[in-house]
J.: 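The structure follows.
Read the numbers this way: they start at 1 and go in the same order the structure lists the ligands and their atoms. Predicted, not measured: the structure shown is a model, and the values here were computed from it.
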Amino acid sequence: MYRRMASKALLSLSLLSLVAAQSPVWGQCGGIGWTGATSCAFGSTCVKSNDYYSQCIPGSNAGTTTTRTTTRATTAGNTPTAQTGFEEVIGEGSFSSFSTFWNYFYPWGSDHNGSARMKQDKVSVSGGVLTLRADRLSSQDGYSTANPKPAIWYWSGAVHAKSTIVINDQFPNYEIRGEFKAPTTKGTWPAFWLTGTQSWPPEVDILEFKGTTNNWFNTFRTSSDVSTTQVTVSNAATTWHQYRIWASKANANDVTVHFYVDGVWKGQHNAAGFVGKPMWLIINLQMEGSSGSPGPGGSTTYQAQKVYVGRSRAY
Ligand SMILES: *[C@@H]1O[C@H](CO)[C@@H](O)[C@H](O)[C@H]1NC(C)=O
């Protein structure tokens, strides 16, 4: 496995080394057989993971985290910090200037893969907090126009960011995060996620609860090739928790996505083929579907605050 990683990284580095003698943030910077750059981009430090692999880890405390697996961090505190040239795309106060940063609904309309149809009046903002409310209907409102076309039993809320996210040579790193109170009862399906504007996949789920207290971090490379890191979050519905990704261009085609809850690293996925593919950022409260049915008979709320999108600008 490490052999494969090393040769893949080598290939990308031979292209990269034409322009840079340093490894990018999260790039390989050493290990047995490694002939590429051993110095790291500004703001990151070369940290040994094992004899075959060292990696450029951002942040001044980088040296404290040396062990990683693809599903779970074994130590806390692996927190990237902003890079030189980092710019804010969506600031923490964006909901207070809603129409500057956000649109109502999904980018494609009101319906998706669960039993909720989105309505503008199920979305409200107060004191910088976005609230999406799903209400059970007393009679069915037809069927969703989106696959798998479930019966509509709720009216709920969805919003999406006006700016799209694309990881490429110009914007090689993105940080996306927010604090959420997300329902976890059966039949509630809140999400904070990225999905391709021109194709599907790409998809990255930063927050997705499917009727349990487990958050599903998912990266869809194809409909059947998916990485998932499940994290149990206690009091997810009643306490603010921060959900975060750091996505970096790993080579000409692939993005590496790191996942965090409350600042603690939980895993990393290879978002193969995501470079140059623009994505929407969506916050929605879907119902039933993958989260089970029947869903709640009354109202359910899903809240967000301090949503932030930032990126590094290479030129
Ligand atoms: C359904 O939508 C959720 C986001 O609400 C997304 O994470 C999931 O991948 C979608 N599932 C399918 C099968 O389309």
Side-chain angles (χ1 to χ4, degrees), residues 102-119 122-123 130 132-134 143-161 164-165 176 178 180-231 233 236-237 243-245 247 257 259 261 266-267 269 271-274 277 279-293 295-296 300-304 307:
W102 300 94
N103 284 323
Y104 294 101
F105 303 106
Y106 293 108
W108 53 86
S110 61
D111 295 2
H112 195 216
N113 55 17
S115 69
R117 174 162 287 148
M118 303 308 170
K119 301 282 177 180
K122 301 298 179 190
V123 178
L130 175 81
L132 307 180
R133 195 180 84 237
Y143 292 88
S144 172
T145 56
N147 283 327
K149 307 195 173 169
I152 297 295
W153 281 106
Y154 294 86
W155 285 351
S156 184
V159 303
H160 63 278
T164 58
I165 284 142
I176 302 171
F180 296 86
K181 289 183 184 174
T184 57
T185 53
K186 182 182 174 186
T188 66
W189 196 6
F192 174 54
W193 59 302
L194 301 170
T195 191
T197 69
Q198 293 163 1
S199 62
W200 183 87
E203 175 177 334
V204 179
D205 300 313
I206 309 166
L207 178 158
E208 184 182 8
F209 286 92
K210 297 192 274 198
T212 76
T213 55
N214 276 8
N215 183 46
W216 293 60
F217 289 121
N218 302 305
T219 300
F220 284 76
R221 288 173 292 269
T222 70
S223 56
S224 57
D225 181 16
V226 186
S227 292
T228 295
T229 300
Q230 282 193 60
V231 178
V233 181
Y243 302 82
R244 176 184 197 237
I245 64 165
V257 185
F259 297 89
V261 175
K266 298 296 184 183
H269 298 167
F274 282 29
K277 298 214 175 123
M279 294 178 283
W280 299 109
L281 176 63
I282 302 171
I283 307 172
N284 64 257
L285 177 53
Q286 226 350 307
M287 299 294 279
E288 299 186 321
S290 296
S291 67
S293 63
T300 303
T301 57
Y302 171 37
Q303 293 187 299
V307 169

J.: Sequence neighbours excluded, which residues qualify as side-chain contact (heavy atoms from CB on, under 4.5 Å) partners of Asp225?
T.: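 For Asp225, the residues satisfying side-chain contact (heavy atoms from CB on, under 4.5 Å) (neighbours in sequence not counted) are Arg221, Thr222.
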
J.: With a 4.5 Å limit on heavy-atom distance, are the side chains of Val233 and Phe209 in contact?
T.: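 Touching, per the 4.5 Å side-chain cut-off.
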
J.: Taking side chain to side chain donor-acceptor pair (under 3.5 Å) as the cut-off, I'd like each qualifying pair that reaches into residues 143-153, sequence neighbours left out, listed once.
T.: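 Only Asp111-Thr145 qualify under side chain to side chain donor-acceptor pair (under 3.5 Å).
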
J.: Answer yes if the ring centres of Trp193 and His112 are under 6.0 angstrom apart, and no otherwise.
T.: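 Close enough - the centres of the two rings lie under 6.0 Å apart.
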
J.: Below 30° counts as parallel, above 60° as perpendicular, anything between as tilted: where do the rings of Phe259 and Phe217 land?
T.: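 Phe259 and Phe217: tilted rings.
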
J.: Could you pull out every protein residue that has a heavy atom closer than 4.0 Å to ligand 1, ordered by chain and then number?
T.: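 Under the 4.0 Å cut-off, ligand 1 touches His112, Asn113, Trp189, Ala191, Trp193, Glu203, Asp205, Glu208, Phe220, Asn284.
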
J.: Taking only residues two or more places apart in sequence, or in another chain, which ones meet Asn214 in a side-chain contact (heavy atoms from CB on, under 4.5 Å)?
T.: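 Per chain and number, Asn214 pairs via side-chain contact (heavy atoms from CB on, under 4.5 Å) with Thr212, Trp216, Gln230, Thr232.
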
